[in-house]
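Heads up, the thing below is written out as structure tokens.
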Amino acid sequence: MQRIGVFVCHCGSNIAATVDVKKVAEMALLEPGVVHAEDYQYMCSEAGQARIQAAIKEKNLTGIVVCSCSPRMHENTFRSAAEKAGLNPYMVEIANIREHCSWIHKDMEEATKKAVILARAAIAKVNLNAPLKPGESLVTKRALVIGGGIAGIQTAIDIADAGYEVDIVEKTPSIGGRMSQLDKTFPTLDCSACILTPKMVEAAAHEKITIYTYSEVEAVSGFVGDFTVDIRKKARYVDSDKCTGCGVCQEKCPSKKSLSEFNRGLNTRSAIYTPFAQAIPNVPVIDTDACIKMKTGKCGICEKVCQAGAIDYQQKDEIVTQKYGAIVVATGFDTIKLDNYDEYAYNQSKDVITSLELERVMNAAGPTKGHLERLSDGKHPKEIVFIQCVGSRCADNRGKSYCSKICCMYTAKHAMLIRDKYPDVNVTVFYIDVRTPGKNFDEFYRRAVEDYGVNYIKGQVGKVIPQPDGKLLVQGADLLDNKQILKEADMVVLATAIEPNPDVRKIATMLTASIDTNNFLTESHAKLRPVESPTAGVFLSGVCQGPKDIPETVAQAGAAAVKAIGLLAKDKLLTNPCTAKSDQLLCNGCSTCANVCPYGAISYEDIEVNDHGIRETRRVAVVNSALCQGCGACTVTCPSGAMDLQGFSNRQIIAEVDAICR
Amino acid sequence: MYKIAKENLSALFQAIAGEQELYLPVNNNGQVNFAAWTEGADVDLDTLKSVKSPKDAFFPQSENLYTVKTEDKKLKVEPEALKDQDFVVFGMKACDVKGIEVLDKVFLVDPVDTFYAARRKHGTIVVMACHEPEETCFCKVFGIDCADPVADVATWMIDGELYWKALTEKGEALTAKVAGLLTDADETKVEEEKKAIRAIVEKLPYSDLSLEGWNGDVLLEKFNSPIWEKLYKPCLACGTCTFVCPTCQCYDIKDYNTGSGVQRYRCWDSCMYSDFTMMAHGNNRTSQMQRFRQRFMHKLVYFPANNDGMYSCVGCGRCVEKCPSALNIVKVVKAFEEQGGEN
Amino acid sequence: MSIENNNEFRPKIVAFCCNWCSYAGADLAGSSRLAYPADVKIIRVPCSCRVNPMFILRAFEKGADGVILCGCHPGDCHYTTGNYYARRRMTLLFSMLDYIGVENGRTRVEWVSAAEGVKFSQTMNEFVEKIHSLGKNVRLGDLRCKN
Amino acid sequence: MQELVSRAKELLANGTVERVLGWKAGDLPYNPEPAYFYVEEDFDNFVYNGFCGANLSKYMIEASKMEGKTLVFLKPCDTYSFNQLIKEHRVDREKAYIIGVGCKGKLDIEKAKKAGIKGIESVAGADMSDACDTLTFQTIYGEKTCAYADVMLERCHVCKGKEHVISDEVIGESNDTKDAERFAEVEKIEAMSPEEKFAFFQKELSKCIRCNACRNVCPACSCRKCVFDSTKFDSAQKANVDSFEEKMFHVIRAFHVAGRCTDCGECSRVCPQGIPLHLFNRKFIKDINEFYGEYQAGADTDSRGPLTNFTFDDVEPSIVTERG
């Protein structure tokens with residue numbers, strides 16, 4: 001039987017003016033388990049807390065109820081007061097007789113009656129409370145960043161600068177990501193490579209950063225502070241330690257017909273290749289699908305020409321297992337496939353390209369060496385049409401429902417750059433809306449229209465029809481003038497929607513991080529915890545969480561880093577003790593609870609049980625209290641009632657219900 | 001010997017119910033069970049067996065024992081009043097009556113169960129002969145004559161007339177109360193009916209069931225038989241057999257929290273349930289085989305061993321009809337018979 | 001609402017509120033002094049998904065006249081998905097109660113954010129009024145609790 | 001039936017299975033019981049006919065704990081239960097050799113008895129080799145016949161079909177016995193006024209004797225310890241003392257199996273008081289279908305059940321009130 005003390009707060013006149021606090025204390029004394037009740041002006045004051053502590057000691061209280069303001073205000077105050085007096089903080093319950101009673105009722109008798117019932121419910125609950133102790137788990141002081149684009153690089157540098165080890169895992173042969181494919185960046189028009197490359201070098205040179213390129217996360221286990229990750233380092237067939245990055249192998253490689261991923265398939269590369277000149281690491285990989293030696297066993301030219309003797313055809317994939325305290329996902333994006341958009345003739349004409357392809361065309365290191373030309377015939381275009389929102393803001397399910405956010409601005413950038421370099425080229429942009437909510441964004445767009453004479457037409461393009469003469473007939477509508485437009489263009493550029501990297505689904509599953517219907521990773525709270533995944537210890541950086549431009553990505557990368565640093569700075573984690581717990585003798589092992597757990601906190605183990613003399617091996621649910629956040633979804637879904645939530649147990653809630661209804 | 005025409009029965013029931021409570025077989029949504037008579041009740045005397053036996057007239061499925069009320073921090077205990085009004089149970093069958101005899105052996109011996117004793121004292125039983133016994137009946141095995149049942153009043157339904165014969169003082173008293181509705185009758189037709197019923201009973205498939213060898217002397221031999229391990233397998237551990245049985249007498253005592261106190265009540269329990277006789281340390285029977293064995297050992301071995309050979313089965317056949325897995329006491333007895341040579 | 005008339009029906013109403021949104025919404029209603037009848041008593045739960053249908057039946061068993069469950073708006077759950085499960089469970093439970101003849105106004109789910117003090121108060125006022133119009137709960141209680 | 005026996009003997013003999021789970025002839029013409037068969041002689045009283053209604057899936061929970069494989073005979077509707085049990089990790093697929101057996105509709109002897117057939121000595125017309133259109137009873141009180149369909153279990157009138165959703169092999173033909181709409185009864189109740197609904201269920205449920213047969217036969221109710229037997233929930237009751245409890249029991253039970261119930265109809269088959277318990281489960285199934293899209297529990301072994309799933313735009317609970 002508990003020995004419960006009840007403390008009724010006047011809160012000055014906030015409570016006492018409407019609730020007869022003496023009566024509440026008097027009635028509380030009649031409840032089972034209550035051995036002490038008193039009222040006081042301000043329970044939360046030093047003096048009030050001292051009274052509580054004195055009563056705990058003098059009367060050997062095993063639990064207390066404070067009838068006061070909302071637990072959201074002072075639950076922690078009273079918990080720590082109780083703890084200082086030697087009482088387990090989870091033996092404290094609050095009856096909210098201010099916000100839920102005195103402040104909303106005028107009649108003293110009525111408010112007092114209600115306060116008595118609220119106190120009774122809290123007493124009924126505390127009668128069933130059990131001391132709870134936060135668990136502790138050690139933190140591995142190392143972070144993993146999945147994805148080596150600008151988001152991943154920035155997060156890694158920030159974490160490393162704080163003094164923690166960071167590993168970057170990048171799927172492709174080089175870090176750099178999408179940003180390395182861009183030519184210029186809005187709204188300042190500075191060269192993408194010029195600002196990215198130093199970051200890449202910084203990351204590579206940082207003593208705290210280890211970069212695993214051409215590698216993928218294979219398996220993740222563990223939980224916040226203590227993840228264990230298997231990283232598959234795919235065989236490069238080039239020894240990174242020996243390679244000097246001279247590039248002779250690429251020059252001499254006879255197999256040069258593979259489409260360049262980096263240049264979006266607009267030109268070709270050799271079978272042994274680095275994706276681009278500034279690649280980090282500057283160590284090539286052998287594409288086994290294209291390599292003649294790999295396919296036929298004959299050739300071996302690269303091996304012969306390599307002075308460093310770095311070529312190793314026998315190299316095997318390698319699994320690196322590493323422990324981490326925090327994981328940041330920075331898997332980025334790709335443009336959507338345009339198979340559903342036949343009307344824009346993307347697959348029919350080489351001169352219909354995506355914006356990202358245009359970036360490569362405009363880039364001096366790109367397939368046209370930076371000359372604006374039609375990819376079909378190499379001719380200089382005179383008339384370019386940009387089509388906005390291709391696959392974005394799509395009402396049907398051909399494309400994406402969301403706004404890709406960056407297209408308005410990069411189209412303005414493209415238009416401006418073209419008009420600047422080639423004043424003879426006419427640029428027309430078909431748009432639904434122009435969205436420019438960013439620092440200097442609208443000014444930038446207005447310059448495109450006003451200073452550079454870009455022709456913006458509000459309206460959608462219905463069809464792009466390749467003409468026999470190689471021109472492209474664009475059928476569109478001008479909604480402002482309410483007329484149909486037919487325009488002959490030499491090139492059409494599609495502002496293609498972006499979507500999360502398709503691999504993110506696999507990664508999210510491994511991390512048990514939740515993912516939305518568009519494959520964006522879900523943040524823990526849309527407003528208040530935008531860089532944290534609901535899975536503790538997993539943070540989100542860049543476009544994997546939602547469409548973003550570069551400055552936003554970098555800002556979020558920094559934010560994610562700070563969150564990770566905050567975690568790594570701790571030696572131990574205290575875990576919320578109000579977690580779910582499975583009664584192994586009742587558990588059916590049916591897996592229903594794991595299905596609804598948003599944190600992946602429930603796993604199953606085959607354990608030996610002794611159920612009243614029946615010894616058998618049973619599959620039972622085990623809750624990892626470091627991962628469990630205490631929502632209780634599992635407790636309701638459990639058919640046998642094996643799963644219960646500590647601090648909000650079935651019996652406790654039922655006791656409150658009973659107390660209120662009696 | 002009296003008689004009354006079937007169409008006048010409702011007048012008879014009304015007359016009895018005017019003075020005291022009357023329980024009789026009533027059809028509720030297609031199922032016949034004993035229930036208190038009310039005006040317009042769909043009384044069904046043609047269905048041979050009520051789903052539940054009428055034992056709840058004397059030993060209800062659940063009944064309050066006492067109530068505890070909280071007043072401030074004090075407790076007030078209010079015992080439940082004992083039955084102090086007379087009542088009539090009409091339409092029980094010979095086997096049901098025998099079932100009450102079995103219950104008497106449990107509840108009326110020292111320490112007497114006062115709740116049960118009060119009901120027995122105030123209850124008058126009107127028994128009916130079984131006009132058309134069924135293939136699931138085996139009362140004959142227990143020496144019961146369903147053609148000539150014995151209780152306070154015995155009745156026979158013959159060609160639309162109910163023949164009525166008081167056999168005890170209670171029966172005489174009840175007869176006196178409704179005498180105005182009864183007319184004199186001779187016993188010829190009743191004797192013919194008895195013969196006819198007995199002839200049918202002879203033909204019933206279970207009537208030749210032998211209980212030879214079932215008594216207290218064979219306790220360990222039966223208990224340790226490997227047959228149980230085979231027999232129990234289909235058992236679902238439900239309580240159907242127990243709850244339809246006229247002789248099962250186990251109950252559990254529980255408290256119900258009313259918010260302002262506690263009601264202590266007892267309710268039927270079933271030895272088939274996994275939490276039967278659950279104690280602080282657990283159960284003394286941990287497997288369904290053990291629980292299954294308990295039920296039949298109790299009926300056919302332990303009970304007769306303690307009650308001068310009286311089995312606590314009366315052959316009503318309700319478990320035969322209702323077991324979801326088609327298990328029953330007859331199959332158990334037969335299984336032992338078949339394996340007899342091997343044991 | 002007056003309590004002068006002692007014979008007036010005063011319903012017992014249990015409100016389950018999730019800790020993160022609706023309980024805070026109720027707090028806001030309080031600090032904004034937005035009155036609603038004292039018949040409503042709030043039980044704090046971590047999330048709407050913690051509310052077992054058994055709790056709701058239990059409340060009715062013990063004499064409640066109405067039960068309301070408040071949680072974060074869909075999409076805003078502190079635990080990301082809890083209220084989605086709660087929504088399905090409650091939809092099915094309420095439908096079943098309706099099916100067995102319990103007046104369907106006795107149960108309700110409302111999504112109330114921490115900023116919606118006004119909505120919380122309005123919802124409670126409406127709900128109490130609804131229970132008043134339905135009268136005492138006689139179909140889903142245990143008689144033993146009624147004396 | 002002979003084919004079933006010879007195939008079972010073969011699989012026993014060649015060591016594929018350790019035991020066979022089937023039905024054993026009873027001591028009356030209509031009460032076969034689920035039974036294990038271990039050796040050739042055991043099959044002397046093997047039976048498979050219209051009275052073998054019992055769904056053997058649930059027995060496989062125990063059989064999964066035994067050494068080696070168990071051959072189990074499953075009717076088309078039973079296979080849904082088996083699949084659902086796989087999904088819930090309650091049975092081990094590797095421990096089962098499933099022979100899907102044909103089904104021509106299963107019988108409810110109670111229906112024959114209710115029609116006045118008593119003193120039954122033998123029944124003809126219920127074997128799998130029969131056409132299964134007429135039943136002939138030899139009784140102490142003379143010969144009686146009735147239409148097969150009139151004695152069929154409720155579930156067979158709304159049969160889910162002849163397909164076995166899981167099996168290692170299939171033996172025997174099935175009849176299409178569906179002659180009623182699955183949700184017709186539910187719709188009828190839905191159309192009632194609240195007062196009528198209340199009266200309807202009050203009347204039906206007042207018959208309940210809490211024998212737990214419905215629960216214990218239910219393949220979805222496979223909890224090691226039911227919440228109603230556990231003191232943890234403060235819900236443990238052994239008898240209905242008050243009309244509330246029977247409602248509580250049946251509503252909670254239906255809720256616990258909602259989204260998991262395959263509508264196998266065992267609960268209604270075994271209820272000694274003839275309570276149409278399937279009306280609870282089927283109401284949930286109907287609601288789930290209407291609110292969240294068609295779902296058949298046990299149709300597969302890996303999809304998410306409707307109560308462990310959601311979409312962002314699910315209907316709100318207020319739909320219940322709005323529906324009127």
Side-chain angles (χ1 to χ4, degrees), chain C residues 48-49 52-63 67-71 73-77 80-111 123 127 130 134 137-146, chain D residues 186 189-190 192-202 204-205 227 233-235 240-245 247-252 254-256 258-259 279-288 290-292 305-324:
Chain C
S48 51
C49 70
N52 196 311
M54 230 149 164
F55 301 161
I56 292 173
L57 292 180
R58 177 76 171 203
F60 285 123
E61 172 189 358
K62 299 292 176 184
V67 179
I68 181 165
L69 168 59
C70 300
H73 285 270
D76 286 351
C77 175
T80 335
T81 51
N83 51 4
Y84 291 123
Y85 295 118
R87 182 163 65 179
R88 284 200 170 188
R89 290 170 187 157
M90 293 306 136
T91 305
L92 291 180
L93 176 72
F94 294 179
S95 179
M96 177 54 78
L97 292 179
D98 175 64
Y99 182 68
I100 62 169
V102 176
E103 306 90 337
N104 57 32
R106 289 201 190 278
T107 48
R108 181 166 168 180
V109 165
E110 201 59 60
W111 312 119
T123 302
F127 189 57
K130 177 76 194 175
L134 291 172
N137 160 35
V138 290
R139 296 202 177 145
L140 205 56
D142 194 308
L143 291 171
R144 290 172 294 183
C145 299
K146 303 266 161 152
Chain D
V186 173
I189 297 165
E190 285 173 339
M192 293 179 185
S193 71
E195 291 71 27
E196 290 167 334
K197 288 175 184 170
F198 186 73
F200 175 83
F201 281 106
Q202 184 85 331
E204 283 296 347
L205 293 181
V227 288
F233 247 89
D234 203 9
S235 58
N240 302 319
V241 178
D242 183 278
S243 68
F244 174 77
E245 281 169 30
K247 282 194 203 92
M248 174 93 172
F249 176 76
H250 291 293
V251 169
I252 290 288
F255 195 88
H256 276 195
L279 292 180
F280 284 98
N281 305 314
R282 221 172 267 170
K283 165 66 175 168
F284 276 137
I285 293 168
K286 179 169 179 283
D287 278 350
I288 285 166
E290 282 172 12
F291 296 152
Y292 312 122
L307 274 164
T308 55
N309 206 353
F310 63 85
T311 64
F312 298 125
D313 43 12
D314 280 343
V315 292
E316 292 292 330
S318 56
I319 189 165
V320 176
T321 329
E322 286 152 13
R323 230 173 16 188

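Protein chains get the first letters and strands the later ones, always in sequence-line order, with residue 1 at the start of each.
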Task: Residue, of D/Pro306, D/Ala258, D/Ser318, that accumulates the most heavy atom pairs under 4.5 Å with chain C - done: D/Pro306

Open item on the list: Please identify, among D/Tyr292, D/Phe280, D/Phe312, the residue contributing the most non-hydrogen atom pairs under 4.5 Å to chain C.
Closed with: D/Tyr292

Task: Among C/Leu92, C/Thr91, C/Asn104, C/Leu69, side-chain contact (heavy atoms from CB on, under 4.5 Å) partner for D/Pro317 - done: C/Thr91

Open item on the list: Consider side-chain contact (heavy atoms from CB on, under 4.5 Å). Of D/Asp287, D/Thr308, D/Val315, D/Thr311, which one does C/Arg88 pass it with?
Closed with: D/Thr311

Task: Which residues share a salt bridge (charged side-chain N to carboxylate O under 4.0 Å, His left out) with C/Arg106, sequence neighbours left out - done: C/Glu103

Task: Contacts of type ring pair (Phe, Tyr, Trp, His ring centres under 6.0 Å), residue D/Phe249, not counting sequence neighbours - done: D/Phe228

Please state whether the side chain, the backbone, both or neither of [X] comes within less than 4.5 Å of a heavy atom of chain C.
X        : result
D/Asp313 : backbone
D/Phe310 : both
D/Glu196 : neither
D/Phe200 : neither

Task: Side-chain (C/Arg89) to main-chain (D/Phe255) donor-acceptor, under 3.5 angstrom - done: no

Open item on the list: Taking D/Leu279's backbone N and O only, do any of them form a donor-acceptor pair with C/Tyr99's side chain (distance below 3.5 Å, no angle check)?
Closed with: yes

Measure the shortest side-chain to side-chain distance between [X] and [Y] over non-hydrogen atoms and say whether it is less than 4.5 angstrom.
X        : Y        : answer
D/Lys247 : C/Glu61  : no
D/Glu190 : C/Asp98  : no
C/Met54  : D/Val227 : yes

Open item on the list: As an exercise: rank C/Val102, C/Leu97, C/Thr107, C/Leu93 by heavy-atom pairs under 4.5 Å with chain D and give me the winner.
Closed with: C/Leu93

Task: Verdict with reasoning, D/Thr321 to C/Phe94, per side-chain contact (heavy atoms from CB on, under 4.5 Å) - done: CA-CA 9 Å; D/Thr321 329; C/Phe94 294 179; over 6 Å; no

TODO: State, to 0.1 Å, how close C/Arg87 and D/Asp314 come at their nearest heavy-atom pair, and which atoms those are.
DONE: NH2-N, 3.4 Å

Task: CD-CD distance between D/Glu316 and C/Glu110, expressed to the nearest 0.5 angstrom - done: 8.5 Å

